[in-house]
Amino acid sequence: MDILLAFYIITGVIMLLAAIAMVNTRNMVYSALYMVVVFLATAVLYLIYQAPLIAMIQITVYAGGIMVLFVFVIMLIGTDKMIHEEHIRWHRPLAFILTFALVAETAYLAVYRFGQPTLTLVNQDFGSPNEIGLALFQKYVLPVEVTSVLLLVAMVGTIVLAFRKEKMK
Amino acid sequence: MIPLNVSLLLSAALFAIGVIGFVIRRNAIMIFMCVELMLNAANILFIAFAQAYGQIGGQIFVFFTITVAAAEVAIGLALIVAIYRSRHTLDVDGLNELHG
């Protein structure tokens, strides 16, 4: 059809395969690395959707920061302690049935509600850092301020949780 | 260009993989990573619809979602490390001491 759609589908298939591998792999370090592949593929999808700034944020924050945090905690705890035992017999088939129902419903909606292709190149400036910055600091300035409080809470909470042991001694 | 239903199907499939992982894995860190996968699936749809309707608000929402996810991961991993220090396990079936 057109080259952008082919590119999109290839990236999507890579993303789904990496996600399946991530869920299936027993070794958690490999899982974290597959997760990085998923995040990078998502960043490519964002670029196709005219969101270059969000794509770069995705790479730096998710693939950079968050995954390093995950790998660090996995290394700290050690993967040999992660013994996987099955406790409930019926939850695996139930998970597949319910998830299949979810996907079937979404597929039905996707085919019958959003049949017409509506994606077009809106305008060349859409999603540029300039436009996002203006929107963030004019229309959405209150959420930005609330987010700063949230980050402060997260920082204080993490420090309290991490140092609790030392304080008790 | 890309039909919107393709992105809907892709996002639903990614979300489904996240849900399956969330239910069948018993390790707290793996469950946490599957939550991130589901957040990612929702973000893709936000970006797709933002472009389909020409509204910048969807991208702004993803911006804030990524911020909240970063804060959530920091707190969650600190909690996991704290649980591991006191219980010496990350198996969520073993963490059941709170029932009355």
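Lettering follows sequence order; numbering is per chain, from 1. Quick caveat, the model's predicted, so the values are computed rather than measured. Heavy atoms only: backbone and side chains are in, while hydrogens, waters and symmetry mates are out.
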Could you give me the CA-CA distance, side-chain angles and deciding distance for A:L102 and B:F15, then say whether side-chain contact (heavy atoms from CB on, under 4.5 Å) is met?
-> CA-CA 9 Å; A:L102 180 71; B:F15 192 91; 3.7 Å; yes

B:Q59 and its side chain to side chain contact (heavy atoms under 4.5 Å, CB included) partner, picked from A:L136, A:I57, A:I54 | A:I54

Using non-hydrogen atoms only, which part of [X] is less than 4.5 Å away from chain B: side chain, backbone, both, or neither?
X: A:V144; result: both
X: A:S148; result: neither
X: A:V38; result: both
X: A:F70; result: both
X: A:L69; result: both
X: A:T147; result: side chain
X: A:L151; result: side chain
X: A:M22; result: both

If I measure from the heavy atoms of chain A, does [X] come under 4.5 Å with its side chain, its backbone, both, or neither?
X: B:E36; answer: both
X: B:L39; answer: side chain
X: B:F64; answer: side chain
X: B:L37; answer: both
X: B:A69; answer: both

Backbone of A:F126 reached by a side-chain donor or acceptor of B:Q51 within 3.5 Å = no

State the OH-CG distance between A:Y49 and B:L45, to the nearest 0.5 angstrom.
-> 7.5 Å

Looking only at heavy atoms and a cut-off of under 4.5 Å, which of [options] has the most pairs with chain B?
options: A:A107, A:P143, A:G157; answer: A:P143
options: A:F100, A:Y46, A:Y140; answer: A:Y46
options: A:I20, A:V103, A:L76; answer: A:I20

Give the C-alpha distance, both sets of side-chain angles, the deciding distance and a yes or no for side-chain contact (heavy atoms from CB on, under 4.5 Å) between B:I80 and A:I77.
-> CA-CA 10 Å; B:I80 285 176; A:I77 289 174; 4.2 Å; yes

Apply side-chain contact (heavy atoms from CB on, under 4.5 Å) to the pair A:I74 and B:I29, showing each step before the final yes or no.
-> CA-CA 8 Å; A:I74 292 170; B:I29 296 181; 4.2 Å; yes

A:L45 and B:L10, any side-chain heavy atoms less than 4.5 Å apart | yes

